[in-house]
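Let me begin by presenting the structure, written as structure tokens, before commenting on it.
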Amino acid sequence: MPPEPTSRAVPPRTRFAPSPTGYLHIGGVRTALFSWLHARRHGGVFVLRIEDTDRERSTEASVNVILEGMRWLGLDWDEGPFFQTQRFDRYGEVLQRLLDAGHAYRCYCSRERLEALRAEQMARKEKPRYDGRCRTRTGPPPEGVAPVVRFRNPVDGTVVVEDLIRGRVAFQNRELDDLILARADGTPTYNFTVVVDDLDMAITHVIRGDDHLNNTPRQINIMRALGAEPPAYAHVPMILGPDGKRLSKRHGAVSVLQYRDEGYLPEAVLNYLVRLGWSHGDQEVFSREEMIELFDVREVNKAPSAVNPDKLLWLNQHYIKTLDPALVARHLAWHLERLGLDPTGGPALEEVVAAQRERAKTLVEMAANSAFLFREPEGFDEKAAAKHLGAAQRPILEVLRAKLADLEPWTREAAHAVVTGVAEDAGAKLGKVAQPLRVALTGGTVSPPIDVTIYLLGRARTLARLDRALAHAAGAGAAEPG
RNA sequence: GCUCCCAUCGUCUAGCGGUCCAGGACGUUGCCCUCUCACGGCAAAAACCGGGGUUCGAGUCCCCGUGGGAGCGCCA
């Protein structure tokens, strides 16, 4: 038996081994995160392996999504990506070893027989499994039948999985059947490639979804037949949709990249995921460094957890508000471009972030709220204009225009003084001045504080828009954009 | 059906036999702040699945039940 599995004597080697058959969803990302954290925490190595032996369903597009998603989140790998389809020679080699040692045998049973067998067993309310007919087969092989290769699983005894999360889980060998290692066409199957790879890549900690817990005793048996000791295992519970049901496309099993597209920050996604099934006292916010310092797989919960989109949103806003504006600005630029806007065609992005950070839960929202700084609004919001850009507001807007025309310096403070001064002179509350001005400048009723809005917009745009608003207020017909 | 896993507020969780009439966070509700939208502040409602044990004492340990989940492919 190996010593304490998380001993720091040997740097751990962990891996993330997705199969490129769909998109990389949030559950997979969390597994990757936990694996990555374990490696980083203990100064180990994180390996990326693409399990693409299912050539029917594996796609290059899916591989790209995995790589892009990992990069976006900053889950960097130290080795790989390794592709299983490029290791077929190696699997063949190991398979031969197993065959030679008598740990594997060729099975000539037809699919029809297997299906019938399964049906019978189900009818008898038994667990469907291979009956081992070819296990002891002697004599010449049947003609014209391409055999599969099966593992000769021990018939009795117990396999114990010492799981870092579940604790000790025991399986009876008699519950296991002789699984197929290689198909009739010679290609290796999942449970076999995983064993070979985890061994070859010297993986010390297999951190994966708990849908694999039942596969583990089989894999351990194969490893032992190969004369190897199994690594430590940590089976993390599945992630459920917001409705508490299994994640599916209908509710939240979206690609990680969709979170990027919807305006989430990688910091928020990572923070959200690390708190899903793991905690450190009452702490909710974890920087990347803190996660690495504090995360311990052994503390991961055993129960599955449901995703909570609202909390992700909250974290996203938290990071939008607290991260370095320069960093957020880079993300904002990306989203502005997606909107068809030129990020350089307006005020400095860092200042935009500083002004908008408290009123946007996502970067998509921030980009949309900030669009007025980068292009001329499409006219005025009808209701807003009706209320704030009437004849009654004209005098105030005219005064504002006059004062802003030669305001020096063009700062937030100076703009503030103008607006409050106009309000005082008119004996009106600030809102009576600020709101019409806001509609005039932005076309709508929502924007950063009015002085900040003026400052960011700049003199030229401010005056042009005031002129347009004045024209509108005068009933001079529809304003021409730009 | 069989095997394995799981079970604290709506959700994520703290709790590792007494300090728990169960704490934090998201969300919800109310109040405050306020030039819009927000941010923020304060407050409130909200949970130990059920039943047996063990123990002086159980959310915490054991058993059973119930309810979820996973696996049982020439898928991964």
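In what follows, every chain begins at residue 1, and chains take the letters A, B, ... in the order their sequences are listed. It should be emphasised that the depicted structure is a prediction, and the values quoted were computed from it without experimental measurement.
Of the P atoms belonging to B:G51 and B:G59, the separation is 12 Å, rounded to the nearest Å. Taking atom P on both nucleotides, B:G68 is separated from B:G52 by 23 Å, rounded to a whole Å. Going from the C1' atom of B:G23 to that of B:U60 covers 15 Å, rounded to whole Å. Separating the P atom of B:A58 from that of B:G53 is a span of 12 Å, rounded to the nearest Å. Rounded to a whole angstrom, the distance from the P atom of B:U66 to that of B:G27 is 39 Å. Rounded to a whole angstrom, the distance from the C1' atom of B:C32 to that of B:U11 is 28 Å. As rounded to the nearest Å, B:G71 and B:G15 have P atoms that lie 30 Å from one another. Rounded to whole Å, the P atom of B:C20 lies 38 Å from the corresponding atom of B:C4.
Of the candidate nucleotides B:A76, B:C12, B:C37, B:C37 has the atom lying nearest to any side-chain atom of A:R359. Closest to the side chain of A:A434, out of B:C39, B:C26, B:C35, is B:C35. The side chain of A:N191 lies closest to B:A76 when the candidates are B:C12, B:U11, B:A76. Checked against B:U13, B:C74, B:C2, the side chain of A:K127 finds its nearest nucleotide in B:C2. For A:N215, counting side-chain heavy atoms from C-beta on, the closest listed nucleotide (B:U11, B:U3, B:A76) is B:A76. Listed nucleotides B:C2, B:C12, B:A70 differ in distance to A:N214; the shortest reach to its side chain belongs to B:A70.
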Identify the pairs formed between an N or O of the protein and an N or O of nucleotides 47-51 of chain B at a distance under 3.5 Å, and give each distance.
none

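A:L400 contributes atom CG, which lies 8.5 Å from atom NZ of A:K403 (distance to the nearest 0.5 angstrom).
Ring-centre distance between A:W77 and A:F16: not below the 6.0 Å cut-off. Ring-centre distance between A:Y272 and A:H318: not below the 6.0 Å cut-off.
Base contact: A:R111 has a heavy atom under 4.0 Å from a base atom. A:A184 comes within 4.0 angstrom of a base, heavy atoms only. Counting any heavy atom pair closer than 4.0 Å across all strands shown, A:H212 reaches a base atom. Residue-level contact check: A:R357 touches neither bases nor backbone, having no heavy atom under 4.0 Å from any strand. Using a 4.0 Å heavy-atom distance criterion, A:T445 is classed as a base contact. In this structure, A:M238 reaches the sugar-phosphate backbone alone: every heavy-atom distance under 4.0 Å involves primed, P, OP1 or OP2 atoms, never a base.
With a cut-off of 3.5 Å on both Watson-Crick or G-U wobble distances, the partner of B:U3 is given as B:A70. With a cut-off of 3.5 Å on both Watson-Crick or G-U wobble distances, the partner of B:U36 is given as none. Of the nucleotides present, none pairs with B:U55 by Watson-Crick or G-U wobble criteria with both distances under 3.5 Å. In this structure, B:A46 makes no Watson-Crick or G-U wobble pair, since no nucleotide meets both defining distances under 3.5 angstrom. A 3.5 Å limit on both hydrogen-bonding distances identifies B:U11 as the Watson-Crick or G-U partner of B:A25. Across the strands present, B:U19 finds no partner; the criterion is a Watson-Crick or G-U wobble pair with both atom distances under 3.5 angstrom.
Under 3.5 Å, the side chain of A:Q121 and the base of B:G1 form no donor-acceptor pair of N or O atoms. Between the side chain of A:R166 and the base of B:C5 there is no donor-acceptor pair of N/O atoms closer than 3.5 Å. In this model, a side-chain donor or acceptor of A:D282 finds a partner on the base of B:G23 within 3.5 Å.
Between A:R275 and B:A25 there is no side-chain polar atom (N or O) within less than 4.0 angstrom of OP1 or OP2. The shortest distance between the side-chain N/O atoms of A:T21 and the OP1/OP2 oxygens of B:A76 is not below 4.0 Å. Proximity of A:K321 to the phosphate of B:G40: a side-chain N or O atom is located under 4.0 Å from OP1 or OP2.
Applying the side chain to side chain donor-acceptor pair (under 3.5 Å) test between A:R218 and each of A:D177, A:D178, A:N173, A:N191 identifies A:D177 as the sole match. When each of A:L332, A:V353, A:L349, A:V352 is checked for a side-chain contact (heavy atoms from CB on, under 4.5 Å) with A:P325, only A:V353 meets the rule.
Taking the syn range as angles within 90° of 0, the glycosidic angle of B:C32 is outside it, so the base is anti.
Taking the ring axis of A:Y130 as reference, the NZ or CZ atom of A:R150 stays within 45° of it and closer than 6.0 Å to the ring centre. Judged by a 6.0 Å distance limit and a 45° cone about the ring axis, A:R465 is not positioned over the six-membered ring of A:F380.
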Verdict with reasoning, A:E175 to A:K127, per salt bridge (Lys or Arg N to Asp or Glu O under 4.0 Å): CA-CA 8 Å; A:E175 294 294 336; A:K127 181 198 274 192; 3.3 Å; yes
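In terms of position on RNA chain B, the residue among A:E299 and A:D310 whose nearest nucleotide sits closer to the 5' end is A:E299.
Ring pair A:F286/A:H280 is perpendicular by interplanar angle, where above 60° counts as perpendicular and below 30° as parallel.
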